[in-house]
Amino acid sequence: MTETAHKLPEIHLTDTLTGEKVRLETLEPGAVGIYCCGPTVYDMSHIGHARAALAPDVMVRVLRQLGYRVKYVRNVTDIDDKIIARAAEQGLEAGVIAARYTDEYHADMQRLNMLPPDVEPRVSDHLPQIIDMVQELVDQDLAYAADDGSVYFRVTRFDGYGKLSGRSREEMLESAGIRIEVDDRKESPLDFALWKAAKPGEPAWDSPWGQGRPGWHIECSAMSSTHLGDTFDIHTGGRDLIFPHHENEIAQSEGAHGDHTFARYWVHNGFINFAGEKMSKSLGNFWTIREILKLYTPEALRYFLMSVHYRSGLNFEVELPEDDLSDEEARRQARFPGLEEADERVAYVYTTLQGARELLATGKPVDRDGEVAEAVAGMRESFLDALRNDFNTPAALGVLSKPLHEVNALLASGKGVPKDVRRRTIARFVDDMEAVADALGCFGDDPARYLAARRDLKADRIGLDTARVNELIDARNAARANRDWAEADRLRDELAAMGVSVKDGPDGTVWDL
RNA sequence: GGCGGCAUAGCCAAGAGGCUAAGGCGACGGUCUGCAAAACCGUUAUCCCCGGUUCGAGUCCGGGUGCCGCCUCCA
């Protein structure tokens, strides 16, 4: 416990357990342990996975920027029914499938600029801890082995059951069996598997109950206590995991550890909804990260995901072409209005940063002490205030608007502002945008490189003939030099028809998509 | 059927009882420009309905309506 730890800025977050926004009081001052339910690696990740990874990513970034020491743990579920099923389909070992999609997940996360977790535990590396935990629960009579060698958690013995999802055991019992058949190996319909007896041909490990594998929920209980302790600060995941997954984690962990609080705060991200054009079954109802990144930059996707608070639902509008195209081709030509807007916004920020850097690169070094235009002076603090308040990324992004306008105005004209104030304001903006970029994982690239990469991506997407564009631009510049406006405008229309917009500036003509 | 969440401008979206309800997109008007584009400036809402608590409610409580999610190893 240090002096500075007490001075760290306050963080508030919404805890699913109470449904209220509360001040984060960490177990150990100045330090935060976060556990995130990571992917089950049986297929390519979709944008929902990106959202689930982004929520803790922003938390870790913000907490670290504010001076907290963070231990970020995100697991990989590499033993699971779906993996086994996929392996069987493809005639491969389950481990091969898991390894492949773990790699793909890492590749997606890296492209999306997600911080790597400090520890990334895999279920297959934690069998001893899992078995110990199941044994502990059996010893405490909180679990029982069935005749076939499966072990179930005895929900009737854990009084807190239902506290996260807001249900009572009585309610759940009433609705049990309505939608799924009750398994007669279980004492109660509410009981859930801690250990599943192996069927022939499935991956299996030795245990006191025979060959088998872990149930889904126990892994997170075992891995979180291994890497963060029996009690830790924040547990994150998608809303769908509240019940049963996280409810069961609480039962297992608090049961096994003698009623110690498991996670002190539960943070759940909302879902992505598909709106707009109704998607048919044949087209599938999800979009992979990989597909999206063929069409938009990773930062555009990040920005899009951050434009709505993590707890809310996010409408992912999709416009599919009307033509009678193959599913594959239709998906390749899909448009996403939300992403489109995000993409242009990110480009606007980078264009501003580029202009700012160019201006600062000329002339004398800037004296940082002294007056700065108001809109920019307060940006950093307001920005962080928004993020300290339940990691409110849309509010934080909103804070950037006025400074961006101010800087663009200053770049366009220094009129009415003392020269040193102008340069100092722009310099401050560039400096503080580094902190912004650090917190958001966005806007941190070199502006020129980003904008070029974005243009290339869009050119590829529409199959643009870049050489032809340059020819037309040259021809148009020649016409303009001759003040042949009719011809110049005709050429501009021709470019526009190709999707190219031109901008005539004092330093010549540039084009964009 | 049970549980939970959400309803703010044409669209998207902040708002943890109290300054004139952020911001973005779009639209309209203007500056700049050969004309444009970009950029900048300006305009563009009383918060689903009813009742209540309070000096004061978008923000709390009750009821209604409408969406959505979970109750199925789906982020």
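Reminder, nothing fancy here: chain letters follow the sequence lines and each chain counts from 1.
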Enquirer: Please state how far atom CZ in A:Arg335 lies from atom P in B:C25, giving the value in whole angstrom units.
Expert: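 For the pair A:Arg335 CZ and B:C25 P, the rounded distance is 18 Å.
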Enquirer: Looking only at atom P, what distance separates B:G18 and B:C61, rounded to whole Å?
Expert: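 One P to the other, the span is 15 Å.
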Enquirer: With rounding to the closest Å, how many angstrom separate the C1' atoms on B:G10 and B:C60?
Expert: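 Result for the C1' pair: 31 Å, nearest Å.
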Enquirer: Answer yes or no: is there an ion pair linking A:Glu10 with A:Arg388, defined by an N-O contact shorter than 4.0 Å?
Expert: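 Not counted as a salt bridge, because no side-chain N and carboxylate O are separated by less than 4.0 Å.
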Enquirer: Using the P atom as the point on both nucleotides, what is the distance between B:G66 and B:C28, in whole Å?
Expert: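 Those two atoms are separated by 37 Å.
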Enquirer: In whole Å, measure the gap between the P atoms of B:C3 and B:U72 for me.
Expert: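 My reading of the P atoms in B:C3 and B:U72 gives 16 Å.
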Enquirer: Does A:Asn269 make a side-chain N or O approach to OP1 or OP2 of B:A75 shorter than 4.0 Å?
Expert: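 No, because none of the side-chain N or O atoms of A:Asn269 sits under 4.0 Å from OP1 or OP2 of B:A75.
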Enquirer: Ring pair (Phe, Tyr, Trp, His ring centres under 6.0 Å) with A:His245: which residues, sequence neighbours excluded?
Expert: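 Ring pair (Phe, Tyr, Trp, His ring centres under 6.0 Å) list for A:His245, sorted by chain: A:Trp216, A:His217.
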Enquirer: Under 4.0 angstrom, heavy atoms only, what part of the nucleic acid is A:Phe192 near: base, sugar-phosphate, or nothing?
Expert: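 Counting heavy atoms under 4.0 Å across all strands, no contact is made by A:Phe192.
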Enquirer: Could you note down all residue pairs passing side-chain hydrogen bond (donor to acceptor under 3.5 Å, both in side chains) where residues 51-62 of chain A supplies at least one of them, sequence neighbours left out?
Expert: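 Passing the test, one end in residues 51-62 of chain A: A:Asp57-A:Arg61, A:Asp57-A:Arg302.
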Enquirer: Using atom C1' of each nucleotide, how far apart are B:U65 and B:G30 to the nearest Å?
Expert: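 To the nearest whole Å, 44 Å.
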Enquirer: Quote, to the nearest angstrom, the C1' distance that separates B:G63 from B:C71.
Expert: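 Looking at atom C1' only, B:G63 and B:C71 are 26 Å apart.
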Enquirer: Need one value for A:Gly238: base, sugar-phosphate or nothing, where a base atom within 4.0 Å counts as base even if backbone is also close, heavy atoms only.
Expert: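 The answer is sugar-phosphate, as A:Gly238 gets under 4.0 Å only of primed atoms, P, OP1 or OP2.
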Enquirer: How many whole angstroms separate atom CG of A:Asp385 from atom C1' of B:G23?
Expert: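 Whole-Å distance recorded here is 16 Å.
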Enquirer: Base contacts versus sugar-phosphate-only contacts with protein, heavy atoms under 4.0 Å: please encode nucleotides 10-22 of chain B as B, S and - from 5' to 3'.
Expert: ---SSSB-----B
Enquirer: When you compare B:A45 with B:G23, how far apart are their P atoms, in angstrom units rounded to a whole number?
Expert: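 About 13 Å, rounded to a whole number of Å.
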Enquirer: Using whole Å, report how far CD of A:Glu340 lies from C1' of B:G24.
Expert: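 Going from CD in A:Glu340 over to C1' in B:G24 covers 15 Å.
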Enquirer: Would you please name every residue forming a side chain to side chain contact (heavy atoms under 4.5 Å, CB included) with A:Val421, sequence neighbours left out?
Expert: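 Listed in chain order: A:Glu371, A:Val417, A:Pro418, A:Arg424, A:Thr425.
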Enquirer: Quantified in whole Å, what is the C1' atom distance between nucleotide B:A37 and nucleotide B:C47?
Expert: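 That atom pair is separated by 37 Å.
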Enquirer: Once pairs are restricted to Watson-Crick or G-U wobble with both distances under 3.5 Å, how does RNA chain B read as a dot-bracket string, [ ] for crossings and | for other-strand pairs?
Expert: ((((((((.[[[..)..(....]]]((((((.......))))))...[[[[[..)....]]]]])))))))....
Enquirer: Residues two or more places apart in sequence or in another chain: which of them pass ring pair (Phe, Tyr, Trp, His ring centres under 6.0 Å) with A:Tyr350?
Expert: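 A:Tyr450.
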Enquirer: Taking the nucleotide of RNA chain B with the nearest heavy atom to each, does A:Ser401 or A:Ser165 sit closer to the 5' end?
Expert: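 Per heavy-atom nearest nucleotide, the more 5' residue is A:Ser165.
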Enquirer: Tell me: CZ of A:Arg167 to P of B:C3, nearest whole Å?
Expert: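 After rounding, the gap between these two atoms is 10 Å.
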Enquirer: Considering every strand and a 4.0 Å limit on heavy-atom distances, what is the contact class for A:Phe271: base, sugar-phosphate, or nothing?
Expert: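 The answer is base, as A:Phe271 lies within the cut-off (heavy atoms under 4.0 Å) of a base atom.
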Enquirer: For the pair made of CG in A:Asn248 and P in B:C70, what is the distance, rounded to whole Å?
Expert: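 Going from A:Asn248 (CG) to B:C70 (P), I get 17 Å.
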Enquirer: Taking for each residue the nucleotide of RNA chain B with the nearest heavy atom, is it A:Tyr42 or A:Arg239 whose nucleotide lies nearer the 5' end?
Expert: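 Closest to the 5' end, via its nearest nucleotide, is A:Arg239.
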Enquirer: Give me the ring orientation class for A:Trp266 and A:His235: parallel if the planes are under 30° apart, tilted from 30 to 60°, perpendicular past 60°.
Expert: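 Ring orientation, 0 to 90° scale: parallel.
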Enquirer: Give a yes/no answer on whether the side chain of A:His405 brings an N or O atom under 4.0 Å of OP1 or OP2 in B:G24.
Expert: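 For A:His405, the contact criterion (side-chain N or O under 4.0 Å from OP1 or OP2 of B:G24) is met.
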Enquirer: Checking A:Leu360 now: which residues fulfil side chain to side chain contact (heavy atoms under 4.5 Å, CB included) with it, not counting sequence neighbours?
Expert: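 Only A:Val366, A:Ile426, A:Ala427, A:Val430 meet the side chain to side chain contact (heavy atoms under 4.5 Å, CB included) criterion with A:Leu360.
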Enquirer: Tell me: CG of A:Leu241 to P of B:U72, nearest whole Å?
Expert: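 Atom CG in A:Leu241 sits about 14 Å away from atom P in B:U72.
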Enquirer: With sequence neighbours left out, what residues match A:Glu406 under salt bridge (Lys or Arg N to Asp or Glu O under 4.0 Å)?
Expert: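 In terms of salt bridge (Lys or Arg N to Asp or Glu O under 4.0 Å), with neighbours along the sequence ignored, A:Glu406 is linked to no residue.
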Enquirer: For residues A:Ala356 and A:Val407, report the shortest heavy-atom separation together with the two atoms involved.
Expert: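 Looking at all heavy atoms of both residues, the shortest contact is CB-CG1, 4.5 Å.
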Enquirer: Determine the contact category for A:Asn408: base if any of its heavy atoms lies under 4.0 Å from a base atom, sugar-phosphate if only primed atoms, P, OP1 or OP2 are that close, otherwise nothing.
Expert: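 Sugar-phosphate only.
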Enquirer: Just to verify, what does A:Asp80 make a salt bridge (Lys or Arg N to Asp or Glu O under 4.0 Å) with, not counting sequence neighbours?
Expert: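 So A:Asp80 forms a salt bridge (Lys or Arg N to Asp or Glu O under 4.0 Å) with A:Lys82.
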Enquirer: Name the nucleic acid region contacted by A:Arg345, choosing base, sugar-phosphate or nothing; use a 4.0 angstrom heavy-atom cut-off, strictly under.
Expert: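 Result for A:Arg345 = sugar-phosphate.
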Enquirer: For A:Asp432, check salt bridge (Lys or Arg N to Asp or Glu O under 4.0 Å) against everything at least two apart and list the hits.
Expert: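 Checked A:Asp432 against salt bridge (Lys or Arg N to Asp or Glu O under 4.0 Å); matches are A:Arg380.
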Enquirer: Using side chain to side chain donor-acceptor pair (under 3.5 Å) as the criterion, list what pairs up with A:Tyr161, not counting sequence neighbours.
Expert: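 Counting only residues at least two positions away or on another chain, A:Tyr161 forms a side chain to side chain donor-acceptor pair (under 3.5 Å) with A:Asn248.
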Enquirer: Output the rounded distance in Å from CG (A:Leu410) to P (B:A38).
Expert: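 In whole Å, B:A38 P and A:Leu410 CG are 21 Å from each other.
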Enquirer: What is the distance, to the nearest angstrom, from the CD1 atom on A:Ile47 to the P atom on B:C74?
Expert: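 In whole Å, B:C74 P lies 18 Å from A:Ile47 CD1.
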Enquirer: Dump the pairs, protein N or O against N or O of nucleotides 31-37 of chain B, anything under 3.5 Å, distances to one decimal.
Expert:
from  : atom 1 : to       : atom 2 : distance (Å)
B:G34 : O6     : A:Arg480 : NE     : 3.3
B:G34 : N1     : A:Asp489 : OD1    : 3.0
B:G34 : N2     : A:Asp489 : OD1    : 3.4
B:G34 : N2     : A:Asp489 : OD2    : 2.7
B:C35 : O2     : A:Arg492 : NH1    : 3.4
B:C35 : O2     : A:Arg492 : NH2    : 2.5
B:C35 : N3     : A:Arg492 : NH1    : 2.9
B:C35 : N4     : A:Asp504 : OD2    : 3.2
B:A36 : N6     : A:Asp504 : O      : 2.9
B:A36 : N1     : A:Asp504 : N      : 2.9
B:A36 : N3     : A:Arg492 : NH1    : 3.2

Enquirer: According to the interplanar angle, ranging from 0 to 90°, do the rings of A:Phe336 and A:Phe316 count as parallel (below 30°), tilted (30 to 60°) or perpendicular (above 60°)?
Expert: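 Answer is parallel, since the angle falls under 30°.
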Enquirer: Should the pair A:Asp390-A:Arg311 be classified as a salt bridge under the 4.0 Å nitrogen-to-oxygen rule?
Expert: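 Here A:Asp390 does not pair with A:Arg311 in a salt bridge, since their nearest N and O are not under 4.0 Å apart.
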